Amino acid sequence: MTAGASKTLTNIFPSFAFTTKPQNPLTTHTSSTSFPSSRLRHRPICAVANPAQPPQIAAESTTPGQYRVDVLSESLPFIQKFRGKTIVVKYGGAAMKSPELQASVINDLVLLSCVGLRPVMVHGGGPEINTWLGRLNIPAVFHDGLRVTNADTMEIVSMVLVGKVNKTLVSLINKAGATAVGLSGLDGRLLTARPSPKAAHLGFVGEVARVDPAVLRSLIDTNHIPVVTSVAADESGQPYNINADTVAGELAAALGAEKLILLTDVAGILEDRNDPNSLVKKIDIKGVKKMVEEGKVGGGMIPKVNCCVRSLAQGVNTASIIDGRVPHSLLLEILTDEGAGTMITG
């Protein structure tokens with residue numbers, strides 16, 4: 001490989017250091033040198049004295065340069081499948097807390113944008129909100145797993161999500177080489193909120209009443225990466241805090257997205273919640289509803305599953321709940337057969 005070609009590949013995959021024996025990051029989570037696809041096992045061809053004879057395959061592993069070429073070649077069908085398609089990614093959990101995982105997600109988004117996908121990021125920011133509430137001596141109160149949001153808390157939620165977390169993510173994406181634009185649900189009337197049915201207990205916690213994706217479409221069509229935070233207002237202008245998973249699902253449906261991806265702190269949907277090795281790789285709506293009815297899906301996974309099912313019912317092609325603790329899990333999910341969690345189909 002020429003020096004120019006090597007430099008080009010380094011620019012394409014700036015965050016990967018390639019080993020001669022690729023490992024599967026789904027089983028080796030701590031490795032920072034593995035490429036997402038474990039299917040690549042190409043070995044170099046040795047030169048032979050007689051060109052009439054077929055080349056011999058070397059016993060040794062491929063060189064890093066040859067491996068990078070294989071990576072690009074193997075990725076081509078996946079890139080062709082998703083090129084020009086919109087994917088909505090809900091970013092949160094461990095991937096938001098760890099600087100290393102945060103960099104991984106940002107680089108994945110930028111890479112996907114560079115090869116022709118149209119990513120949209122949706123985020124919350126619970127830990128950051130708790131930090132600022134603590135600094136201001138405002139207690140964080142939860143009811144049935146949802147944040148109780150009074151007027152003082154709502155003001156802090158807006159300040160942190162819209163003014164801090166959102167702009168930090170925009171800055172990181174821009175620094176990584178793409179062009180991001182930060183939005184809340186209030187901008188361009190992107191989202192109109194309504195109070196939660198549990199408003200008497202939760203305060204200013206809302207649901208999505210209406211989506212107008214016009215402002216997003218104009219950004220996506222000009223190769224920008226929209227970064228949307230889950231704050232929206234009702235018809236009177238009152239701001240509400242909305243679950244970010246819900247926002248991601250509704251935006252995916254309104255945009256006619258090819259795929260919705262929820263980054264989580266678990267491997268995905270498990271057949272047995274007590275067995276981390278019982279990951280369900282692929283399931284349809286009927287199957288996942290049955291798992292919920294049987295109690296196999298419970299706790300915080302239920303709203304995520306419901307979000308996926310609702311988006312699929314509104315036209316999204318597939319929805320995936322993936323392990324955000326795995327480095328480059330987005331690339332694993334989109335550019336390999338193995339995936340990085342559970343894919344739900346319609």
Side-chain angles (χ1 to χ4, degrees), residues 79 81-92 95-96 102-125 158 160-193 206 208-233 237 239-263 307 311 314-320 330-331 333-334:
I79 294 172
K81 176 182 177 181
F82 287 102
R83 183 174 177 82
K85 303 292 179 63
T86 298
I87 59 167
V88 176
V89 178
K90 187 270 178 171
Y91 171 59
M96 183 172 273
Q102 183 178 68
S104 167
V105 173
I106 297 298
N107 286 334
D108 288 0
L109 277 176
V110 172
L111 190 154
L112 293 172
S113 177
C114 286
V115 298
L117 281 73
R118 296 148 62 100
V120 176
M121 175 186 274
V122 178
H123 70 88
S158 293
V160 172
L161 293 186
V162 180
K164 187 175 189 299
V165 177
N166 186 268
K167 301 315 171 192
T168 297
L169 293 173
V170 168
S171 177
L172 290 171
I173 292 172
N174 290 343
K175 182 180 178 181
T179 304
V181 177
L183 301 165
S184 73
L186 287 78
D187 296 305
R189 297 185 179 182
L190 175 58
L191 301 171
T192 301
V208 176
R210 188 168 62 253
V211 180
D212 181 354
V215 66
L216 286 188
R217 293 190 191 282
S218 63
L219 292 172
I220 294 169
D221 289 343
T222 52
N223 298 317
H224 293 81
I225 299 178
V227 181
V228 182
T229 191
S230 54
V231 173
Y240 284 86
N241 182 24
I242 305 178
N243 179 274
D245 292 331
T246 301
V247 169
E250 295 299 317
L251 288 179
L255 290 167
E258 175 71 15
K259 192 171 187 66
L260 167 67
I261 299 176
L262 306 182
L263 289 169
C307 164
S311 68
Q314 296 181 85
V316 175
N317 193 27
T318 63
S320 295
L330 279 180
L331 295 187
E333 180 61 28
I334 295 173

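If you read the sequence from its start, that first residue is 1, and numbering goes on from there. Just so it is clear, the structure is predicted and the values come from calculations on it, not from any experiment.
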Note to self: Could you go through Cys307 and Leu260, starting from their C-alpha distance and side-chain angles, then the distance that decides it, and tell me whether this counts as side-chain contact (heavy atoms from CB on, under 4.5 Å)?
What the structure shows: CA-CA 10 Å; Cys307 164; Leu260 167 67; 4.1 Å; yes
Item checked: side-chain contact (heavy atoms from CB on, under 4.5 Å) between Arg217 and Leu255, worked out -> CA-CA 8 Å; Arg217 293 190 191 282; Leu255 290 167; 4.1 Å; yes
Check: Run the side-chain contact (heavy atoms from CB on, under 4.5 Å) check on Leu216 and Leu183 step by step: do they pass?
Finding: CA-CA 9 Å; Leu216 286 188; Leu183 301 165; 3.5 Å; yes
Next item on the list: Might you work through the side-chain contact (heavy atoms from CB on, under 4.5 Å) test for Gln102 and Leu169, ending with a clear yes or no?
Entry: CA-CA 9 Å; Gln102 183 178 68; Leu169 293 173; 4.0 Å; yes
Next item on the list: Test salt bridge (charged side-chain N to carboxylate O under 4.0 Å, His left out) on Asp212 and Arg189 and set out the steps.
Entry: CA-CA 6 Å; Asp212 181 354; Arg189 297 185 179 182; over 6 Å; no
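One N or O on the side chain of Ser230 and one on the backbone of Ile242 form a donor-acceptor pair closer than 3.5 Å. The closest donor-acceptor contact from the side chain of Asn166 to the backbone of Leu161 lies at 3.5 Å or more, if one exists at all. Asn107 places no side-chain N or O within donor-acceptor distance of the main-chain N or O of Ala176, the cut-off being under 3.5 Å. Here the side chain of Asp221 pairs no donor or acceptor atom with the backbone of Ser218 at under 3.5 angstrom. For the pair Ser184 (side chain) and Leu186 (backbone), a donor-acceptor distance under 3.5 Å is present.
Smallest separation of non-hydrogen atoms from Ala244 and Gly124: CB-N, 3.7 Å. The minimum heavy-atom distance between Gly177 and Val110, with the atom names listed, is C-CG1, 4.4 Å. Residues Glu333 and Ser320 come closest through the heavy atom pair OE2-OG, 2.8 Å. Considering every non-hydrogen atom in both Gly84 and Arg118, the closest pair reads O-CD, 3.0 Å. Looking at every heavy atom in both residues, Val115 comes nearest to Arg83 through O-NH1, 3.0 Å. Listed here is the closest heavy atom pair of Lys259 and Phe82: CD-CE2, 4.2 Å.
Applying the salt bridge (charged side-chain N to carboxylate O under 4.0 Å, His left out) test to every pair with at least one member in residues 163-173, sequence neighbours left out, gives these pairs: Glu128-Lys164.
To the nearest 0.5 Å, atom NZ of residue Lys175 and atom CD1 of residue Ile106 are 11.0 Å apart. Interatomic distance, Leu331 CG to Leu112 CG, rounded to the nearest 0.5 Å: 5.5 Å. Here the NE2-CG distance, from His224 to Leu219, works out to 6.5 Å after rounding to the nearest 0.5 Å. For the atom pair Leu111 CG and Ile79 CD1, the distance stands at 7.5 Å (nearest 0.5 Å). Atom CG of Asn317 is separated from atom CD of Glu258 by 4.5 Å, given to the nearest 0.5 angstrom.
Pro119 has its side chain within reach of Ile87: a pair of non-hydrogen atoms, C-beta onward, lies under 4.5 Å apart. Counting only heavy atoms from C-beta outward, the side chains of Ile261 and Ile334 approach each other to under 4.5 Å.
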Which donor-acceptor pairs under 3.5 Å do the side chains of residues 247-254 make with protein atoms, sequence neighbours left out?
unit_1 : atom_1 : unit_2 : atom_2 : d
Glu250 : OE2    : Arg310 : NE     : 2.4

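Among the candidates Leu172, Thr168, Ile173, Asn174, the single residue satisfying the side chain to side chain contact (heavy atoms under 4.5 Å, CB included) test with Val170 is Asn174.
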